[in-house]
Protein chains: 2
Amino acid sequence: MGRNRVTLADVAKRAGLSKTAASMVLNGREGTRLSAEAHQRVFAAAEELGYRPNVAARSLRTRKTATIAFVSDIVATTRFAGGLIRGALDAARERDHVLLITETQGDAAFEQYAIEAILDRQVDGVIYAAMATRRLAVPPAILSGPVVLLNATSAEKLPCVLPDDERAGVTVAETLLGHGHRDRIALIGRNRQKERDPEISLAAEARLRGIRATLAAAGVKLLSETFCPEWLPEHGYTATRALLGRPERPTAIICMNDRLAFGAYQALGEAGLTIPNDISVISFDDDPTASWLRPRLSTAALPHEQMGRRAVELLLDGEAESPSFVPMPLRRRRSVGPPAGSPWVAPHD
Amino acid sequence: MGRNRVTLADVAKRAGLSKTAASMVLNGREGTRLSAEAHQRVFAAAEELGYRPNVAARSLRTRKTATIAFVSDIVATTRFAGGLIRGALDAARERDHVLLITETQGDAAFEQYAIEAILDRQVDGVIYAAMATRRLAVPPAILSGPVVLLNATSAEKLPCVLPDDERAGVTVAETLLGHGHRDRIALIGRNRQKERDPEISLAAEARLRGIRATLAAAGVKLLSETFCPEWLPEHGYTATRALLGRPERPTAIICMNDRLAFGAYQALGEAGLTIPNDISVISFDDDPTASWLRPRLSTAALPHEQMGRRAVELLLDGEAESPSFVPMPLRRRRSVGPPAGSPWVAPHD
DNA sequence: CCTCGTCGCTAAACTGATTTAGCAGAGCAT
DNA sequence: ATGCTCTGCTAAATCAGTTTAGCGACGAGG
């Protein structure tokens, strides 16, 4: 790859100057006393020869590689990863950086290997990303340089980027209240593990907190809270069926994520109920399938692209206070309406 | 990052030998006449000091970076990309290589930039990936080194990795025939553009070819073929509704991809039909949602991980004939059964 | 005793950039 | 004429490895 590349020496020779001069001109160094004419000649020579610096050679001297490592537990392979990487990629490009991607697959040996591989390549910094928003233990080796945690926190109080799940909980609850739902709002997806163990999830507790605070402030209590062993479609399906078997039917269901909502749609469809006429559904994540459903699902979106972008900004530009919370915008679609049988008219959305 | 790393000189000094000796030992060079004892000392010193070579320094001399560029049009961000990257990552790790990821977003300027960025970093080779299986134009700059096309072909007959869509078409048709479906098989997702223009899709034509050849060989004709402007859920929904409005109801529907099948499920559900008792559905891709559906969808899986892996193998190990077709395994789930009203018993699956 | 080959190892060149230290010449004041 | 500063530029060191060329000691053969 690139066998006969033009080197700085070639440029210097063509410009009739020394490598030093060429280097300084091309790097736009201030305070050098090279003549305007020398500048011209160097630029012209570089242009004519199509000169591109050799990053390896440069970084050997400067210890900067303009390369960021994106290390994830397993995120790079899941559907959730796309946005994270894409955002990071964009922000990196804007800063003339490039992304080296590795995956630990949650395996200690792989992690060790991955980290050595990137450290050997002298990356300028590391973005350590998690698939699920959670607290994690950062391998000590990467603490030797700049690190930003993406979708994660750690005991070390490292700079990190997190989705604002609590605020999303507020938004979701407010939306339901705004449509006139009051005392017949059901919640699907309680999960003690996720709520209690920050190493498993930070989202569950935060979303719940936001929802509860908002409803409480409006003097509203949840009709029911259904526990689920996981946040998968089948559990949403089971939970919803159980819900429909109870005497008092809810006017709205909050699902802790879209996969649960997916299952809820299936159960509601089977029961012959229409969304949102009979029951409204609202959720979190904005999984791609949310807009495949009929009616399309209203959900608070995980701002993956923004998060990936923010991580790079934090890493390269510094500043910004540490737990950087990225807002989760509500995707207003068609799954939320006024409570069944109410004379209420939906607000514009 | 890694300010005070141990260098080869440190190792050599500790072993009481020259840098040359240390280098040769650590690289396992044959034909050197260094004593067994010298080997011992170098290994011991490297181990004790935790020596790790500086890749930049090495590659400056050797012109090998043990880095592969993964350039995609837009693939890295979609749900389809995950497996591709994951497979490539795995295969790269096995060969002690690392992946540099960039995205062109289908934009010429971005592409130009991305390619310069990776060429500046002296990557050992490039994997050029497309989101949709198609023929594309390869930017000349990357032809200066080893390239493998992933999920794509080109006019230049470069080495490439493709899913075996035609064989998948055969499998899908065979499955339906195997369950006893004959003359009432409908097809959803015909699309002239996709079938005709290889720069848009290679899959449509290949899948269709496989299906037709197989049915023809069994003396079976398709009941109907429905055209769709895109392969999205809404089009599958519309097409299925249209299908159900016809006098003769199909016993099985082949969808050209899972998103169409998703829409088909919705239409069938609304019509009160049960899968597979009333109608069987089978499809292509194995999108993650395929196993969220009720019943779970039988579909010929795009072998993304295998493909990513194969691309790296092709790039690094060479050999293997060029259009490397990766089989698409059928995920046998619950959406296919014997034709409605038939006394037929489903084969084991 | 001289030459030759082999063994075990090393000095130094080389990769392509950045950076430090400093040189030659011009202009000015003393 | 001498010393000084300023201008415009360059030689050489440096980064951390790999690779080439070859050196000194030793033993064998003539």
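Residue numbering restarts at 1 for every chain, and letters A, B, ... go by the order of the sequence lines. Quick caveat: nothing in here was measured; it's all calculated off a predicted structure.
Pairs passing the salt bridge (charged side-chain N to carboxylate O under 4.0 Å, His left out) check and including a residue from residues 34-44 of chain A, sequence neighbours excluded, read A:Glu37-A:Arg41. For residues 25-36 of chain B, the set of pairs meeting the side chain to side chain donor-acceptor pair (under 3.5 Å) definition, not counting sequence neighbours, comprises B:Ser23-B:Asn27. The salt bridge (charged side-chain N to carboxylate O under 4.0 Å, His left out) contacts involving residues 138-156 of chain B comprise nothing, where partners must be two or more places apart or lie in separate chains.
Qualifying side chain to side chain donor-acceptor pair (under 3.5 Å) partners for B:Arg61, counting only residues two or more places apart in sequence or in other chains: none. B:Asp90 meets the side chain to side chain donor-acceptor pair (under 3.5 Å) test with A:Gln105, B:Arg93; sequence neighbours excluded. The side chain to side chain donor-acceptor pair (under 3.5 Å) check on B:Glu48 picks up B:Arg14, with sequence neighbours excluded. For the side chain to side chain donor-acceptor pair (under 3.5 Å) test, residues two or more places apart in sequence or in another chain that qualify with A:Gln112 are A:Glu116.
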Find every protein N or O atom lying less than 3.5 Å from an N or O atom of nucleotides 20-22 of chain D, and list the pairs.
none

DNA chain C base-pair string [pairs: Watson-Crick or G-U under 3.5 Å; |: paired with another strand]: ||||||||||||||||||||||||||||||
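Residues of residues 7-18 of chain B that place a heavy atom closer than 4.0 Å to DNA chain D, in numerical order, are B:Thr7, B:Leu8. For residues 41-54 of chain A, proximity to DNA chain D is found at no residue, defined as any non-hydrogen atom under 4.0 angstrom from a strand atom.
Residue A:Ser23 is classed as a base contact, given a heavy-atom separation below 4.0 Å to a base.
Between A:Ser324 and A:Arg310, the side chains place a donor N or O and an acceptor N or O closer than 3.5 Å (distance only, hydrogens not considered).
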Return all side-chain donor-acceptor pairs below 3.5 angstrom for residues 125-134 of chain A, not counting sequence neighbours, or 'none' if the list is empty.
{"from": "A:Tyr128", "atom 1": "OH", "to": "A:Glu111", "atom 2": "OE1", "distance (Å)": "2.6"}
{"from": "A:Thr133", "atom 1": "OG1", "to": "A:Asn151", "atom 2": "OD1", "distance (Å)": "2.6"}
{"from": "A:Arg134", "atom 1": "NH1", "to": "A:Glu199", "atom 2": "O", "distance (Å)": "3.1"}

